[in-house]
Amino acid sequence: MIKDDISRIVSEAVRRAQSEGALPAVALPEVAIERPQRPEHGDYATSLALRLARAMRSQPVDIAGAIANHIELTDAISSAEVAPPGFINFRLSQDWLTRQVETVLAEGETFSDLNLGVGQKAQLEYVSANPVGPLHVGNGRWGAIGSTLANVLKAVGYGVEQEYYVNDMGTQIDTFATTLYARYQQLFGRDIAIPEEGYPGAYMIDVAEAIRSEHGDAFLRPPGELAPREMRDIGVEKMLTSIAADLASMGVVYDRWFRESSLHVASSAYQVVLQKLRADGFVTEKEGAVWFTSTALGEDKDNVLIRSNGSPTYFASDIAYHYNKLVERGFQRVIDIWGADHQGHVPRMRAAIAALGVERERFDVLIGQLVTLKRGGEVVRISKRSGDIITLREVVEEVGTDACRFFFLTSSPNATMDFDLELAKKQSAENPVYYVQYGHARIASILTLAQERGIDWADGDPSLLVHEAEQALIRKMLELPEILETIARSLEPHHLPHYAIALATTFHDFYEKCRVISSEPGDLPITKARLKLVAAAKIALARTLGLMGMAAPERM
RNA sequence: GCCCCCGUAGCUCAGCGGAUAGAGUACCGGCCUCCGAAGCCGGGUGCGUGGGUUCGAGUCCCGCCGGGGGCACCA
C-alpha cells in the first residue's frame, strides 16, 4: 500500500537526517500515516515531528522541515510539505494516481487483497447459540459480523475456517429434552406439564409434532419415565437444521459444525486437557467437585470443571474445545465472538489458555454488546424462555438479507444496538445498502450501453482523468485496502459499510459531474478513459459489497 | 457492592491522541431535451458532566450521572 511506502520514506528520511546530524539521534517511534480530513492538507500526512519535539528538544516545525528536506520523492509522491504546527503533508502525483485505474482493472476480483496473514490459519467461531430454540435478532448480528470478518481475514491472506460450536450437552439440553418429551406426550393425550424452567415457545410443539409424524409413538415410554435419548438427539438435530437454514438465509455458512459432545468421546481433547491441567497443578478437588485453580493465575475465584454429580461443566468443555483448536488443530489464531452475556467467561477462559501454555495473542474474544429489540420504540424482551420471541427468520424475511446484514454491520460491536422492527421494516426500502447497490447497477448499465454502442475502451488512456471528481473516485478506491487492514487489526468490520457509503457517494458525485459516454465524436478519448475508471469503480464497489456478504446487482 | 461496554445532530450511527467533528435518515428549497432522479446540489443543530495528563482530548486517566451486560456445580 502507498501508505506503507510513505511511512518507509519518512523513516528513511529521518535516519538520513540523523546520520547527517540534521536531527538528534533519538529513537524513532512508529511512523503513523493518516489521511487528512481537508484536501488542502494533501492525501496523506504524518504528525511525526510533533511527536518527536519533546525527545529532540526542538520546535516541531523545524523537525518537520529537516525531515522534509531529506525525503526522496518517488513517482507516486509528488510533494512533501511542512504545515504548522509541524505536520508533513504528502500529495500523490497525478500521473501515479491515474495509473492506479489500470492496476485496479488488472487486479480485478483480487483488488485490495493484502498479505497480512499469509501462511496463517485463523479460526472464527461465532453465533454458536444453544440448539434449544430458534435464533433471535441478536444472533443475526453475530452472524453478519462474524461472516464479514471471515471474508476480510481471507482477503488479507489468512486461511480462515468458520465454525459453529454446538452445545449439544449440559443442563439446557436436558431441559430441552424434558420440554420436548412433555410436548410429545401431550400430543398423545397425556396430561403432562412442561417443566418450570423449560421452553414454553410454540416451536417446541412443532418439533414434537414433526417427531410424531415421522416416528409415531416410537418414543413413548410408560408414564413417569424420562425422555428417551434418541428423541433428544433427533430434536437437537431438527433445531440445528432450522438454525443452519436461518443463518444461510442471511448469507452465513459455516465450514464446520463442531459438537461439544465430540470432545467427550474416549481419548479426546477433554481427557487430554484434564490430565494436562492436573499434571501441571491447576486442578484441585473440593466440595465433591473438581476445580480449575484460576486463583493461582490471578483470577478472583476458582471454577468448577466437573460437577459433584460427575458431569463436566461448559467451562471444562470449552477448555477442551480451545485446546482442540489451538493445539490439536493448530490454528495460529482463534477468534471467538461472544455476546456480552458471556463476558464473565472471558477471564477464566484466558486463564485456562495460559495454563495450557498457549501464547495469549493467539486467542481473541470479541465481546459484542447485545441487541435491544424494539417495536415502535417499545422494548421487546427476547428470551427463549418466553413464548413471545421474534425470530431472526421473521426479521430477515421482512427486511431482506442485504438490508439486514448492512444494518447489523453498521454499528461497532462494542456498542449496544437498538433494533426497532417498525423502523427496520420502514427503512428496508430506504436502507443505505440500496444506495451502494444502486451505484453498482448504474455502472453496470453504463458499461452495457458502451457495449451496445460498440465502444472498445481497452485502449483508454487514464492519464486523461484530470477532473477533480475523477481523481476523488480513484483516491476513494485506493482506500479499500487500508480499510481492510484496519478491520483485520481491530476485528471491527463496521468500517466497511461506512466506507461503502463513502465510495458510492464519490461515484454518484462523479457521475453527476462527468459524462461518461458522450455522443460527441471528439469526446471519444475521454469516454474511453472514463469507461476504464467506471469499470475500476465497479470492481471496488463489488468487492466492498461482496466482503459484506451482499449482492452487487447489475440492475435493480 | 465489584467488573465490562456504551453515552457524539430530532432518529440510527462513524470518528486509528492531531489541523475547521462527519455520514445515513428526517425536514425545507433547487436540479432530468445524450449514460438509471433508488441520484445530485444547497440549508443546522451535537461530543452526558466535573477534574486531570498532553504542544494538542470526542478519543487517554480519575470522579459523578444515565443506559446495557456480567459476578452459578446455566451456557
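Order of the sequence lines sets the chain letters (A, B, ...), proteins ahead of strands, with each chain counted from 1.
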Exercise. Rounding to the closest angstrom, what is the interatomic distance between rC13(B) and rC6(B) at atom P?
Worked result: 14 Å
Exercise. Between Glu125(A) and Lys325(A), is the closest basic N to carboxylate O distance under 4.0 Å?
Worked result: yes
For this session: For Ala450(A), report the nucleic acid contact type (base, sugar-phosphate, nothing); a contact means any heavy atom under 4.0 Å.
Result: nothing
Exercise. For Gln369(A) and rG69(B), is the shortest distance between a side-chain N/O and OP1 or OP2 below 4.0 Å?
Worked result: no
Exercise. Using a cut-off of 4.0 Å on non-hydrogen atoms, how would the nucleic acid contact of Ser411(A) be classed: base, sugar-phosphate, or nothing?
Worked result: sugar-phosphate
For this session: Measure from the ring center of His322(A) to the ring center of Phe363(A) and say whether it is less than 6.0 Å.
Result: yes
For this session: Just call it for Ala53(A): base, sugar-phosphate, or nothing, with non-hydrogen atoms closer than 4.0 Å on any strand.
Result: nothing
For this session: Assign Tyr435(A) to base, sugar-phosphate, or nothing according to its heavy-atom contacts below 4.0 angstrom with the strands shown.
Result: sugar-phosphate
For this session: Calculate the interatomic distance between Trp142(A) atom CH2 and rC5(B) atom P; express it in whole Å.
Result: 15 Å
Problem set entry | 5' priority, RNA chain B, between Phe87(A) and Thr410(A) [closest heavy atom] | Thr410(A)
Exercise. Is it true that Arg35(A) and Asp43(A) have a side-chain N and a carboxylate O under 4.0 angstrom from each other?
Worked result: no
Seminar exercise, completed: From the candidates rC73(B), rA75(B), rG39(B), the one with an atom nearest any side-chain atom of Glu512(A) is rG39(B)
Exercise. Touch check for Phe315(A), heavy atoms < 4.0 angstrom, all strands: base, sugar-phosphate only, or nothing?
Worked result: nothing
Problem set entry | Euclidean distance for P, rG63(B) against rA75(B) (whole angstrom) | 35 Å
Exercise. Between Arg8(A) and Asp5(A), is the closest basic N to carboxylate O distance under 4.0 Å?
Worked result: yes
Exercise. Say you pick atom C1' in rG36(B) and the same atom in rG29(B); how far apart are they, in whole Å?
Worked result: 24 Å
Problem set entry | Contact under 4.0 Å: His494(A) side-chain N or O vs rG15(B) OP1/OP2 | yes
Exercise. Which of the following nucleotides, rG22(B), rG39(B), rG68(B), is nearest to the side chain of Tyr438(A)?
Worked result: rG39(B)
Exercise. What interatomic distance, in whole Å, is found between C1' of rU8(B) and the corresponding atom of rG22(B)?
Worked result: 10 Å
Exercise. Does the separation of the ring centres of Phe419(A) and Phe407(A) fall below 6.0 angstrom?
Worked result: yes
For this session: Quick one: label Asn89(A) by what it contacts on the DNA or RNA (base, sugar-phosphate, nothing), any heavy atom closer than 4.0 Å.
Result: base
Exercise. Does a nitrogen or oxygen in the side chain of Arg54(A) sit under 4.0 Å from OP1 or OP2 of rC55(B)?
Worked result: yes
Problem set entry | P gap between rA14(B) and rG48(B), integer Å | 14 Å
Problem set entry | Within the 6.0 Å centroid threshold, strictly below: Phe507(A) and His440(A) | no
Exercise. When we call it a touch if two heavy atoms are under 4.0 Å apart, what does His495(A) touch: a base, just sugar-phosphate, or nothing?
Worked result: sugar-phosphate
Exercise. Are the ring of His498(A) and the base ring of rA23(B) both nearer than 5.5 Å at their centres and tilted by less than 30°?
Worked result: no
Exercise. Since syn is defined as within 90° of 0, does rC60(B) count as syn or as anti?
Worked result: anti
Problem set entry | Spacing between Leu366(A) atom CG and rG69(B) atom C1', to the nearest angstrom | 16 Å
Exercise. From rC34(B), rC73(B), rC55(B), pick the nucleotide closest to the side chain of Ser308(A)?
Worked result: rC73(B)
Exercise. If we take the C1' atom in both rC41(B) and rC32(B), what is their distance in whole Å?
Worked result: 14 Å
Problem set entry | Integer-rounded Å distance: rC13(B) P and Ile145(A) CD1 | 12 Å
For this session: Provide the distance between the two C1' atoms, one in rU25(B) and one in rA19(B), to the nearest whole Å.
Result: 30 Å
Seminar exercise, completed: Pairing partner of rA26(B), by Watson-Crick or G-U wobble and under 3.5 Å for both distances, is none
Exercise. Rounding to a whole Å, what distance do you find between Lys301(A):NZ and rC3(B):P?
Worked result: 14 Å
For this session: Report the nucleotide, chosen from rA21(B), rG69(B), rC35(B), that has the shortest atom-to-atom distance to any side-chain atom of Ala340(A).
Result: rG69(B)
For this session: Using the P atom on both, measure rA21(B) against rG58(B) and round to a whole Å.
Result: 10 Å
Exercise. With sugar-phosphate meaning primed atoms plus P, OP1 and OP2, does Thr486(A) contact a base, only sugar-phosphate, or nothing at under 4.0 Å between heavy atoms?
Worked result: nothing
For this session: Among rG68(B), rG22(B), rC34(B), find the nucleotide with the atom closest to the side chain of Gln343(A).
Result: rG68(B)
For this session: Look at the aromatic rings of His345(A) and Phe315(A) and report parallel, tilted or perpendicular, splitting at 30° and 60°.
Result: perpendicular
Seminar exercise, completed: Closest of rA75(B), rG39(B), rG15(B) to the Arg348(A) side chain is rA75(B)
Exercise. Do the side chain of Asp302(A) and the main chain of Ser294(A) share a donor and acceptor less than 3.5 angstrom apart?
Worked result: yes
Exercise. Choosing from rA38(B), rC3(B), rG24(B), which nucleotide comes nearest the side chain of Ile501(A)?
Worked result: rG24(B)
Exercise. For the residue pair Tyr165(A) and Tyr314(A), does the interplanar ring angle fall in the parallel (under 30°), tilted (30 to 60°) or perpendicular (over 60°) class?
Worked result: tilted
Seminar exercise, completed: By nearest-heavy-atom nucleotide on RNA chain B, the more 5' of His345(A) and Ile33(A) is Ile33(A)
Exercise. Under 6.0 Å between the ring centres of Phe510(A) and His467(A)?
Worked result: no
For this session: Mind checking Gln437(A) for me? I need base, sugar-phosphate or nothing, with any heavy atom below 4.0 Å counting as a touch.
Result: nothing
For this session: Measure the distance from CZ on Phe408(A) to P on rG24(B) and round it to the nearest whole Å.
Result: 23 Å
Problem set entry | Thr416(A) (side chain) and rG68(B) (base): donor-acceptor pair under 3.5 Å | no
For this session: Remember a base hit wins even if backbone is also touched, and classify Asp509(A) as base, sugar-phosphate or nothing at under 4.0 Å, heavy atoms.
Result: sugar-phosphate
Seminar exercise, completed: Looking only at rG68(B), rA75(B), rA26(B), the nucleotide nearest the Tyr314(A) side chain is rA75(B)
Exercise. Which part of the nucleic acid, if any, lies within contact of Ala441(A), taking any heavy atom under 4.0 Å across all strands shown: a base, the sugar-phosphate backbone alone, or nothing?
Worked result: base
For this session: With heavy atoms under 4.0 Å as the rule, sort Asp418(A) into base, sugar-phosphate or nothing.
Result: sugar-phosphate
Exercise. Using centres under 5.5 Å plus planes under 30 degrees as the test, is Tyr511(A) stacked with rC35(B)?
Worked result: yes
Problem set entry | Rounded distance in Å - CD1 (Ile443(A)) to P (rA38(B)) | 16 Å
Exercise. Looking for any heavy atom pair under 4.0 Å, which part of the strands does Met556(A) touch: base, sugar-phosphate only, or nothing?
Worked result: base
Exercise. Of the nucleotides rA14(B), rC34(B), rA38(B), which one has an atom closest to the side chain of Arg453(A)?
Worked result: rC34(B)
For this session: Provide the Watson-Crick or G-U wobble partner of rG7(B), both distances under 3.5 Å; none if there is no partner.
Result: rC65(B)
Exercise. Taking only side-chain nitrogens and oxygens of Arg442(A), does any of them come within less than 4.0 Å of OP1 or OP2 of rA37(B)?
Worked result: yes
For this session: Classify the nucleic acid contact of Leu50(A) as base, sugar-phosphate or nothing, counting any heavy atom under 4.0 Å across all strands shown.
Result: base
